[in-house]
Structure formats: structure tokens, C-alpha cells
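This one's a predicted model, so the numbers in the text were calculated from it and none came from an experiment. By convention in this document, chain letters (A, B, ...) are assigned in the order of the sequence lines, proteins followed by strands, and residues within each chain are numbered from 1.
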Protein chains: 2
Amino acid sequence: MNVKAERISELTVNRLSVYLRCLDELSAQGVVTISSRSLAERFSLNSAQIRKDLAYFGEFGVRGLGYNIDDLRKHLTSILGLNAAHRVGVIGAGNLGTALANYEGFSGGSFAVVALFDSDPAKIGSQISGHIPIYDVADFARKATEISIDIAALAVPAHAANFALSTVVSAGIKAVLNFAPIRLNAPDGVKIKHVDLLVSLESLSYFLARSPLEAKAAFEA
Amino acid sequence: MNVKAERISELTVNRLSVYLRCLDELSAQGVVTISSRSLAERFSLNSAQIRKDLAYFGEFGVRGLGYNIDDLRKHLTSILGLNAAHRVGVIGAGNLGTALANYEGFSGGSFAVVALFDSDPAKIGSQISGHIPIYDVADFARKATEISIDIAALAVPAHAANFALSTVVSAGIKAVLNFAPIRLNAPDGVKIKHVDLLVSLESLSYFLARSPLEAKAAFEA
DNA sequence: AATTGTGAATTCCTTCACAGCC
DNA sequence: GGCTGTGAAGGAATTCACAATT
């Protein structure tokens, strides 16, 4: 599948995911073909960027015509490893963990939250939405094998994140989505993606702090 | 404050946020001084990166000694615009919106969710955790002014995200945190940050799909 | 004529390496 | 001696621009 030996950058992979979602929507609208230019316009990207991103993996387009949407969707789905559904285990059955378990955005089908794990005896044994079980985090390794979890989401406070990480890593998990506002170091062979709300908010705050010029302009307008 | 006229990259700003949180922790532990090298080790970064990031804004260090932690915290807090608390309005009072309203990670104090907005009459008028009100999203502009919202978080399904964006933008909001899995285009003067769980998960999926190769390489080594 | 795929050019980001200072 | 601040070098990501193709 990976035609070029070259290492693919994370930025490229993230964009492929964005492209795929857009293609899904276009396909649902009955659009058959799209050019890199009109795809690029939807994300204010350069069209060469899109062609380069795709060209790492093969020649999916037709010169003069563009890309066949359903064909490209199949390729991207396969490249991103989305043919088989991934089974996500969430560590931490608090507000965030519960929201993840109920998140409708996953209904596309490639990801399913199959269990939550907590250390609170009051939560262990109950279920979210009547069908997603909450297990004891101490049983993570056994349950993860049993129910084939391949991605762990850490939805615990910062002080518990390192322990949660070592729990899932020693259970053999290779892919981790971390929501705790702390930088975790991935052991070799384990991929961690950080979703850090405080970084995002503080970056917005920086922008607001620096835009008095624009605010003033808007005020005078 | 911004000594250099140069434009600061988003990557730099994100890192400043990470540095600040680490400094807060060190300060709580009673550490007084830190060098760029030992700070860098905590994030597996290059120390020159940290010095460069800070040097955009001033000369905060002392040669031979490093940085005074409390001094640097004050500077970063000010640079990031965190002296005054930001008031966040959440559009969408579903699972995600509710989780945001209850999120303990904000308790640092710089951000407070002050209201939620929804279009569901069954939710409007009630409160989250007994103190955060849910208003009609149709009243957003009025309420936003009334309760001084300066950041909007979009916690709505993808199909509602564009409408939510135009609602908050026309109310004068300049900073938006978007959780909907769709790329929104920011109008001039408005900053949007995307928190896209599907992109993160699909990127993990890509890694999992490609790692048998690396596993094999590690085995052969 | 339109659009891809891609080498070359450019821009942006990171790292090196060292003068300057404590 | 140790560490910062920074110009220069190096590397990565993006954009340009055009030959190749339908």
C-alpha cells in the first residue's frame, strides 16, 4: 500500500483524514469526481499540497479529470487502516469519559468505545447508556485482551495520567489518545496523540490578547 | 510586551502553554530556577527551541543560571493573556457540552464556562451542576454581551457547526474552539482552533496499520 | 483544455555552535 | 563552568511551475 519508502509526516496523515471526511460528504451528495483545486478550496489549502499528500501513496488521479471520489475514498480508507473497526477503551469514567462513550461523532463506524475503566467502586460494574460496561482499571490488561481493545483513551486528571499510560502500555496497547493536560512520553512502538484543551484555549487567549488592534478597528467601523 | 515585531508561530504559542503548565508544577514543588536544558528534557525538545521561543518576547533568563521560575511564569501568564479569566460560552448542551461545563481541568482559573446554549426547549432554562445556565441559542448575541463571553466552544454535530459559527461570529466573538468534526473557515479577525477527535483517532489508526513493519524491524534487530 | 504528478524554489521551523555574560 | 541569546546552518513542509497525460 505504502508505495514510497519515504516517511510520511503526521501533518500529511492528519490531512488525509480531513480529505476523507469531505469525500464521504461529497459522495453522499452524489458528486462523482473532484479536482485537487476544488478540494483545496474547501480547506483554504494549496492544491499542490493535496496532490503531494496523495502521491505519497500512489497515483489515484486522472490527468485532465481529477480524482474519482469513491475510488479515492477506498484508497484513503485503506491507507488510514479504517477497513476494520477499532475498539476503544476509555480510562476514566468521569464526565469526559462518559461523553466519549456517548459521542455520536464516532457513528461513522470506524471507532467504537467498547468499555470504560475506573477505580471508583461506585462506578465499577455499572454501564453507560445501558450497554457500555465500566470495569475496574486494575483489570485492564485482562479485559483489553478479552474484548480486543486496540486503542486506549486517557480521560483522567493530569496526576493520574502517567499511571493510566503505564497500565495500558503494559497491557500491550500501541495507540493512545491522551486528554489529560500533561505531556506524556511514549515508549518505543507506542503512539500517543494529545488532545489538550488548555493548550488550545491558551492559544486562543494569546490571539485575543494580541488583537486589540483588530478589536479597535471593528469598534471604529 | 511583544518585543519582536516578527510574527509568532502557532507552534511556539502552543509550546509556551506547555512550558507554563510545567513551570506551575515546578513552582508548586518549590523549585526556584530551571535551565532551558532541563526544561527541554521534560518534553524531549531541543533546549535551543525553548530559548528561541522565549526570546521572541524578551530576555527572561540569566546567563550561567537559567530562568527564575516564578518570574518566567509571570511573563508567560501575561504573554498568553491569562491575567484576566476568560469566559467561555458552549454551544450545544449534549454530552460533550455538559462534560466541558463540568471539566475540572479548567479549575486552574483562567477559563470558566459561564453558560451553555442549545435549541432544545427541553434543555433551555435548566442548569448544569446547579449553577451553569442553559440558554436558547437564539439569544446568544444578547446573552454573550450580558455575561461577557469572549470565547465560544462549538460542541454541536458537524451539520450544525456552520450555523453555530455564524451565530457566535455575528455576536462579535473573536475566538472559537470547534469540536465538530468539520473544517470551518474563520472570517477575518476570528481565530478558530479545531479539536478533531476523528482526525486524532484516524491518525492513530494509520500508525497501527503501518506498525507491523516496525514491529518486524524491532524483532530482527 | 484541464488536471495530475513532481522537481525546483521558497518559506518556515528546528538545531547547531558559539560569543557574551554571570 | 554553566547557561543564555542568537546568527548561521540544516531540515521539513509548502508552494510554484511545468512536463506529462487524458
Distance-only donor-acceptor hits, side chain of residues 154-169 of chain B, under 3.5 Å, sequence neighbours excluded:
unit_1   : atom_1 : unit_2   : atom_2 : d
B/Ser166 : OG     : B/Phe163 : O      : 3.0
B/Thr167 : OG1    : B/Phe163 : O      : 2.9

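Between B/Ser9 and C/dC12, a side-chain N or O to OP1/OP2 separation shorter than 4.0 Å is absent. Applying the 4.0 Å criterion to OP1 and OP2 of C/dG5, one finds that A/Tyr67 has a side-chain N or O inside that range. When the side-chain nitrogen and oxygen atoms of A/Ser36 are compared with OP1 and OP2 of C/dT4, one or more of them lie within a distance under 4.0 Å.
For the pair A/Asp53 CG and C/dT4 C1', the interatomic distance rounds to 14 Å; values are reported in whole Å. At whole-Å resolution of the value, CG in A/Asn14 and P in D/dA13 are 12 Å apart. Between B/Leu39 atom CG and D/dG5 atom P there is a gap of 13 Å when expressed in whole angstrom units. Look at NE2 on B/His75: it is 11 Å from P on D/dG5, rounded to the nearest Å. We find that CZ of B/Arg37 is positioned 15 Å from C1' of C/dT15, with the value rounded to whole Å. In this structure, B/Glu59 atom CD and D/dC3 atom C1' are separated by 13 Å, rounded to whole Å. Here the P atom of nucleotide D/dT4 and the OH atom of B/Tyr56 are 17 Å apart, to the nearest Å. Atom CG in A/Leu45 sits about 7 Å away from atom P in D/dT15, given to the nearest Å.
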Protein proximity profile, nucleotides 16-22 of chain D - base contact B, sugar-phosphate-only contact S, no contact -, cut-off 4.0 Å on heavy atoms: BB-BBBB

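Legend: residues meeting side chain to side chain contact (heavy atoms under 4.5 Å, CB included) with A/Ala101, ordered by chain and number and at least two apart, are A/Val113, A/Leu116, A/Ile128, A/Ile132. Applying the side chain to side chain contact (heavy atoms under 4.5 Å, CB included) criterion to B/Ala115, with sequence neighbours excluded, gives B/Phe117, B/Pro133, B/Tyr135, B/Ile147. Annotation: ring pair (Phe, Tyr, Trp, His ring centres under 6.0 Å) contacts of A/His194 (sequence neighbours excluded): none.
Within the structure, salt bridge (Lys or Arg N to Asp or Glu O under 4.0 Å) pairs that include any residue of residues 149-172 of chain B do not occur (at least two apart or interchain). Under the salt bridge (Lys or Arg N to Asp or Glu O under 4.0 Å) criterion, the residue pairs touching residues 47-58 of chain A are A/Arg15-A/Asp53, with sequence neighbours excluded. Sorted by first and then second residue, the salt bridge (Lys or Arg N to Asp or Glu O under 4.0 Å) pairs with a member in residues 173-191 of chain A read A/Glu10-A/Lys191, A/Arg183-A/Asp196; sequence neighbours excluded.
Atom CG of B/Asn185 is separated from atom CZ of A/Arg42 by 10.5 Å, given to the nearest 0.5 angstrom.
Residues of residues 18-34 of chain A having a heavy atom closer than 4.0 Å to DNA chain D: none are found.
Residue B/Leu54 is out of contact with every strand shown, counting any heavy-atom pair closer than 4.0 Å.
Side-chain atoms of A/His75 do not come within 3.5 Å of backbone N or O of A/Leu54 as any donor-acceptor pair.
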